[in-house]
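Quick note: numbers below take in every heavy atom, side chains included, and nothing from hydrogens, waters or symmetry partners.
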Amino acid sequence: MGPRKNDRLQALAFKPIIHRREYVYSAKLKRKVTVELVYPYKAFKKRKRQAVLLMNDGQDFEGLNMQKILQDFWATGGKPFLFVGVHCGAERLEEYGTRGLLDYAQRGKKAEAYQAFVLHELWPFLAEHFTLKKRNHVCGGFSLGGLSAFDMALHNATFFTKVGVFSGSFWWRSKALGPTYSDSRDRIAHSKASQMPLGKKMSFWFQCGTKDETSDRNGNGVIDSIDDTLDLIAILKGKGVKNVHYEEVQGGKHNLETWRKEMPKFLTWAFGMADAD
């Protein structure tokens, strides 16, 4: 081992967390995908199998102050895991839709390809560099990225057993608003949750802000983002899902500031403290 490599490893040993940016070429998406990786050095040095938190919209890593949030979480006793922040591409509305079902505007054409990238291209790359658990990982996202994470968990219910959705775009619908539109029939995530089998270990964390938006399509005095989320929660509970957590933030908006404040709560829910077994 040369002196330069020795120096680098010694330097790493004094860092509480490691943050590195990687680039993974995806044949599925036909583009190079930027990925933020963050993990606590000492825990990963032991080579124990670790869980993963995969977050969509990794390009918001700095705006969320995610490195500081993670560092504080681990410094106060949070369980270790590998954070994977996947940057979206230029076709976000195509990649972050729902697998197998386009919305009314025919968006989401690459949702299946994106999920295939995560499972069959990104994960083998991660497995080459880290010792990871075989299943029971966590995924999450914001807005349309939250819809994508929810859909990915539904289709991979033993691989991603926990999912966190911040201000999820659960309005995603198969039919445009109009006389023939129906909430019960045309919201895609709700229809999928009603029809697909759910994993026995699946757990869900949802967050909405009371100022996420102003739209109220049914005129009941509750904004659509909250209505859509609460309706989805009712479906999950009706199917026997016991671990469903909901955070409604008074004055919370559809922005990074609100999501940044809520992130520590989500991390604690998803991973817990090291001594809380």
Distance in Å, [X] [atom1] paired with [Y] [atom2], rounded so as to fall on 0.5 Å steps:
X      : Y      : atom1 : atom2 : result
Phe206 : Ser167 : CZ    : OG    : 12.5 Å
Leu93  : Asp103 : CG    : CG    : 8.5 Å
Leu54  : Leu119 : CG    : CG    : 9.5 Å
Trp269 : Ser203 : CH2   : OG    : 5.0 Å
Leu126 : Thr131 : CG    : OG1   : 12.0 Å
Cys88  : Asn56  : SG    : CG    : 9.0 Å

- prompt: side-chain contact (heavy atoms from CB on, under 4.5 Å) between Met273 and Thr268: does it pass, once the steps are laid out?
  reply: CA-CA 7 Å; Met273 297 294 107; Thr268 300; 4.2 Å; yes

Audit row: Lys28, Tyr114, side-chain contact (heavy atoms from CB on, under 4.5 Å) steps and yes/no: CA-CA 7 Å; Lys28 305 288 186 183; Tyr114 175 71; over 6 Å; no

Locate the shortest heavy-atom distance separating [X] from [Y]; write the atom from each residue and the value.
X      : Y      : answer
Ser26  : Val33  : CB-CG2, 4.1 Å
Leu144 : Ser169 : N-OG, 3.1 Å
Val138 : Ala270 : CG1-CB, 4.3 Å
Trp172 : Thr98  : NE1-OG1, 3.3 Å
Phe160 : Ala153 : O-CB, 4.0 Å
Trp74  : Pro80  : NE1-CA, 3.6 Å

N/O donor-acceptor pair under 3.5 Å between [X] side chain and [Y] backbone:
X      : Y      : result
Lys239 : Met196 : yes
Thr210 : Gly251 : yes
Thr76  : Phe73  : yes
Arg173 : Tyr104 : no
Asn156 : Met152 : yes
Ser191 : Arg185 : yes

Is [Y] close to [X] at the side-chain level, that is, under 4.5 Å between some pair of heavy atoms?
X      : Y      : value
Trp259 : Leu64  : yes
His19  : Phe83  : no
Val86  : Val84  : yes
Glu262 : Glu247 : yes
Phe125 : Glu22  : yes
Thr258 : His254 : no
Val24  : Thr34  : no
Phe130 : Val52  : no

Are the charged groups of [X] and [Y] less than 4.0 angstrom apart, N to O?
X      : Y      : result
Lys110 : Glu95  : no
Glu94  : Arg107 : no
Glu257 : Arg260 : no
Asp227 : Arg217 : no
Asp151 : Lys192 : yes
Asp228 : Arg187 : yes

hydrophobic_cluster_shared for [Y] and [X], side chain cutoff 4.5 Å:
X      : Y      : value
Leu230 : Val249 : no
Leu102 : Ile188 : no
Leu232 : Tyr181 : no

[X] [atom1]: over 12 foreign heavy atoms closer than 6.0 Å:
X      : atom1 : value
Lys200 : NZ    : no
Gln106 : CD    : yes
Lys201 : NZ    : no
Arg135 : CZ    : no
Lys109 : NZ    : yes

Taking atom types as modelled, find out whether [X] and [Y] have a side-chain donor-acceptor pair closer than 3.5 angstrom.
X      : Y      : answer
His87  : Glu36  : yes
Gln115 : His155 : no
Trp171 : Ser225 : no
Thr161 : His137 : no
Gln59  : Asp57  : yes

field: Test ring pair (Phe, Tyr, Trp, His ring centres under 6.0 Å) applied to Trp205 and Tyr246, Phe166, Phe150, the passing residue
entry: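 In the set Tyr246, Phe166, Phe150, the residue that makes a ring pair (Phe, Tyr, Trp, His ring centres under 6.0 Å) with Trp205 is Phe166.
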
message: Go through it in stages, so that I can follow the logic: the residues are Phe266 and His245, the test is ring-ring contact (aromatic ring centres under 6.0 Å, His included), and I'd like the CA-CA distance, side-chain angles, deciding distance and then a yes or no.
response: CA-CA 10 Å; Phe266 168 63; His245 182 82; 9.9 Å; no

message: For Asp231 and Ile235: C-alpha separation, side-chain torsions, deciding distance, then whether side-chain contact (heavy atoms from CB on, under 4.5 Å) applies.
response: CA-CA 6 Å; Asp231 287 348; Ile235 291 171; 5.6 Å; no

field: Criterion side-chain contact (heavy atoms from CB on, under 4.5 Å) on Ile18 and Val38, from CA distance to verdict
entry: CA-CA 5 Å; Ile18 306 300; Val38 187; over 6 Å; no

message: Could you go through Phe81 and Tyr39, starting from their C-alpha distance and side-chain angles, then the distance that decides it, and tell me whether this counts as ring-ring contact (aromatic ring centres under 6.0 Å, His included)?
response: CA-CA 6 Å; Phe81 60 88; Tyr39 54 97; over 10 Å; no

